[in-house]
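All remarks here apply to the structure that follows.
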Amino acid sequence: MKDKLMDFDKALELFEPVIGLEVHVELNTKTKMFSAAPNIFGAEPNTAISEVCIGLPGSLPVVNGKAVEYSISLGLALGCKIAEHSSFARKNYFYPDLGKNYQISQYDEPIAYDGEVEVELADGEIWNIPIERAHMEEDAGKLTHVGGATGRIQGAEYSLVDYNRAGVPLVEIVTRPIFGTEGKAGEVASAYVQTIRDMVLALGISDARMERGNLRCDANVSLRPRGSEKLGTRTETKNVNSFRSIERAVRYEIQRQAAILASGGNIIQETRHWHEDTSTTSAGRPKSDAEDYRYFPEPDLLPIQPSAELVEKLRAELPEAPAKHRRRLKESWGFTDLEFRDVVNAGVIPQIEATVALGTSPAQARKWWTSEILRLANERGVEAEELVTPAQVTDLDAQVASGAITDKIARTVLVKMIDSGKSAAEIIESEGLAVVSDDSALEAAIDQALAENPDVLEKLREGKLQAAGAIIGSVMKAMAGKADAAKVRELLMAKVSE
Amino acid sequence: MSEITPETISHLANLARIALTEEEKELLATQLDAILDAVAKVGEVTTPDVPRTSHPVPLVNVFRNDEEVHTLDREAALGNAPDSDGTRFRVPAILGEE
């Protein structure tokens with residue numbers, strides 16, 4: 001069923017959007033939150049599990065101290081107060097993504113609370129996002145629904161469960177309602193999540209790859225009529241797995257809710273699922289009341305009381321805040337406002353930073369990440385960072401800088417690097433893509449071209465230099481674009497004066 | 001004083017994914033009520049200056065180092081499951097959630 005949508009500007013005329021964001025960050029500790037099973041991505045199903053991860057009777061959780069430190073660091077980076085006393089709670093629900101039938105989380109005593117994060121939009125506008133809390137919990141396993149036409153839960157015959165992800169340490173960061181974003185609601189949401197991404201990368205506490213689910217965002221959206229103080233009923237859109245999608249999902253919900261409210265309908269408080277392919281949301285389950293989770297203090301775990309010394313030590317080690325860091329990068333890279341905005345919009349600051357750190361010039365790093373890589377990413381519907389690593393870009397750019405390949409060929413090599421995972425040098429070697437500046441090979445191609453265009457030499461001798469273009473063109477064609485054009489011209493002119 | 005109604009029991013049974021007959025609901029409503037009353041007696045002796053505890057032992061900050069990787073053999077893990085495909089646990093499709 002297709003949702004009715006109201007024109008975005010019209011929706012904003014009638015209603016004020018209020019957004020709230022929940023971001024889940026998977027920590028990159030070596031082991032899981034409550035057991036010594038490895039915290040790894042991409043392993044064979046159920047090979048990174050322990051008794052605790054699958055909830056075997058009698059197994060007991062023990063808190064990963066490193067995960068607690070990471071959570072405190074993140075709390076501090078979010079400008080939060082760190083709780084002097086914090087505890088875990090059981091969130092009870094029956095779904096096979098956790099074998100225990102409850103998730104260990106935190107409820108009324110989160111590790112961090114009351115913070116604020118500075119977020120800078122692409123146009124330089126600053127937003128201070130109020131943080132309500134950041135709490136620790138464990139991730140759930142992964143279900144694959146089998147049978148049914150679409151692979152979705154509806155019509156599935158059974159589900160297969162992989163518990164490798166169960167028990168991976170998570171920090172959930174919850175904002176307070178964000179008011180006054182108006183037409184920029186989606187942009188603010190996306191910029192906020194990017195800031196969290198930059199923050200956890202700088203802290204080194206998460207791999208922060210959205211496509212792998214290291215960083216996940218649930219976007220709460222509600223509308224209230226202009227002039228009304230009372231918050232409207234909100235929906236929570238899940239499964240929003242790219243920065244681009246966050247912006248689009250928020251916009252979509254504003255338009256969808258406005259259409260319902262304007263026609264006299266009511267918004268149902270529910271989970272909505274974002275569909276990347278159609279850029280729409282669909283109704284999920286009705287949002288459970290918190291009391292249905294029957295939270296209670298986790299009896300298997302003891303409270304956490306971080307010492308002031310530990311908190312201050314971690315505070316002293318905090319990296320520069322993302323917005324501040326960003327301003328410093330812009331300065332040191334020497335980008336114009338416009339160039340930097342492209343970089344911000346492309347969401348590739350960390351990539352450029354890493355590429356520059358590996359020795360590529362800022363200008364070249366920017367060129368790669370905001371043009372060819374971005375184009376390929378869009379074409380394939382993925383994030384730029386999924387396509388290629390900063391090390392690969394540096395590897396490729398070094399080949400261009402040394403003159404081994406032309407700029408044009410480099411783009412071909414890039415695609416082959418992405419698809420094969422091989423190094424630039426390997427591809428250039430095996431595919432014979434290196435620039436040909438070998439005189440004899442070029443001479444042979446020139447002679448061949450001259451034989452096919454017998455009048456050219458004469459024209460050149462008459463001083464009609466544009467005639468050289470035809471020869472250079474056909475030499476290029478014969479050598480699949482790999483000929484060193486300057487060299488060809490030089491050899492050709494030598495023949496003219498023979 | 002009966003606060004637990006058969007409707008509350010139905011709701012809880014649904015959350016717990018268990019099927020109950022009407023007779024069982026009636027019975028459980030009465031029993032849970034009695035249990036709640038008994039537990040409520042504790043409230044009579046609590047005082048505001050006693051902090052809440054979730055654990056009888058006065059211990060905090062018990063942590064594990066982020067090392068000593070231990071994994072459960074997959075075959076052993078799946079061995080106890082009612083059903084599997086050899087690599088993953090197989091469970092009935094559950095509708096209404098995703």
Side-chain angles (χ1 to χ4, degrees), chain A residues 29-31 34-38 44-51 53-54 56 62-68 85 87 89 92-96 99 143-148 152-163 271 273 284-285 292 294 296-299 301-307, chain B residues 3-4 7-20 32 35-36 39 42 50-98:
Chain A
T29 50
K30 289 195 198 72
T31 63
F34 302 114
S35 86
E44 277 292 299
N46 294 308
T47 57
I49 57 172
S50 70
E51 293 82 348
C53 309
I54 60 172
L56 287 190
V62 187
V63 177
N64 183 338
K66 184 58 89 180
V68 174
H85 178 97
S87 63
N92 297 280
Y93 69 91
F94 280 72
Y95 194 59
L143 265 68
T144 308
H145 306 299
V146 181
R152 305 190 67 79
I153 182 97
Q154 286 84 6
E157 286 155 26
Y158 58 89
S159 303
L160 294 170
V161 197
D162 169 13
Y163 286 113
T271 302
H273 291 287
R285 63 190 149 92
D292 281 349
R294 292 152 294 147
F296 64 85
E298 169 57 66
L301 292 171
L302 295 157
I304 295 172
Q305 294 181 357
S307 69
Chain B
E3 281 178 17
I4 303 286
E7 286 71 41
T8 311
I9 298 290
S10 290
H11 181 61
L12 290 173
N14 180 44
L15 290 176
R17 303 283 187 268
I18 50 176
L20 295 176
L32 268 183
I35 291 168
L36 280 184
V39 174
V42 178
V50 176
R52 189 188 84 176
T53 52
S54 55
H55 213 273
V57 190
L59 270 177
V60 294
N61 300 339
V62 176
F63 301 135
R64 170 175 63 75
N65 287 335
D66 186 25
E67 51 194 39
E68 304 148 21
V69 170
H70 158 80
T71 50
L72 183 59
D73 178 64
R74 178 162 75 186
E75 220 170 295
L78 296 174
N80 281 321
D83 201 1
S84 82
D85 74 345
T87 64
R88 287 172 292 185
F89 295 86
R90 192 200 296 256
V91 298
I94 293 175
L95 296 174
E97 295 201 48
E98 195 169 343

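Throughout, a chain's letter reflects where its sequence line sits, starting with A, and its residues are numbered from 1.
- Atom CZ in Arg88(B) sits 8.5 Å away from atom CG in Asn46(A) (nearest 0.5 Å).
- Counting heavy-atom pairs under 4.5 Å between each of Ile304(A), Ile49(A), Asn64(A), Leu56(A) and chain B puts Asn64(A) at the top.
- Of all the heavy atoms in Ser159(A) and Ala93(B), the pair that sits closest is OG-CA, 4.0 Å.
- For the atom pair Thr87(B) OG1 and Leu160(A) CG, the distance stands at 7.0 Å (nearest 0.5 Å).
- Most heavy-atom pairs under 4.5 Å with chain B, from the set Ser50(A), Ala37(A), Pro45(A), Gly65(A): that is Pro45(A).
- Contact count versus chain B (heavy atoms, under 4.5 Å) is highest, among Pro297(A), Ser307(A), Pro306(A), for Pro297(A).
- In this structure, the separation between OG on Ser35(A) and NE2 on His70(B) is 7.5 Å, given to the nearest 0.5 Å.
- Scanning for side chain to side chain contact (heavy atoms under 4.5 Å, CB included) contacts around Leu302(A) gives His55(B), Leu59(B), Val62(B), with sequence neighbours left out.
- Within the 4.5 angstrom heavy-atom criterion, atoms from both the backbone and the side chain of Thr47(A) approach chain B.
- With a 4.5 Å cut-off on non-hydrogen atoms, Ala81(B) does not touch chain A at all.
- With sequence neighbours excluded, no residue forms a side chain to side chain donor-acceptor pair (under 3.5 Å) with Asp73(B).
- A donor-acceptor contact under 3.5 angstrom links the side chains of Thr31(A) and Arg64(B), judged on distance only.
- Annotation: cation-pi geometry not satisfied between Arg17(B) and Phe94(A) (NZ/CZ under 6.0 angstrom from ring centroid, within 45° of ring axis).
- Not a single donor-acceptor pair under 3.5 Å links the side chain of Asp66(B) to the backbone N or O of Thr29(A).
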Where do Val62(A) and Phe63(B) land on the side-chain contact (heavy atoms from CB on, under 4.5 Å) test, with the steps shown first?
CA-CA 6 Å; Val62(A) 187; Phe63(B) 301 135; over 6 Å; no
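- A heavy-atom distance below 4.5 Å is not found between the side chains of Lys66(A) and Asn65(B).
- Within the model, atoms CG of Leu78(B) and CD1 of Ile54(A) stand 8.0 Å from one another, a figure rounded to the nearest 0.5 Å.
- Of the atoms belonging to Phe34(A), it is backbone heavy atoms, and not side-chain ones, that fall under 4.5 Å from chain B.
- Looking at every heavy atom in both residues, Val69(B) comes nearest to Pro38(A) through CG1-CD, 3.5 Å.
- The OH atom of Tyr93(A) lies 13.5 Å from the CG atom of Leu15(B); values are rounded to the nearest 0.5 Å.
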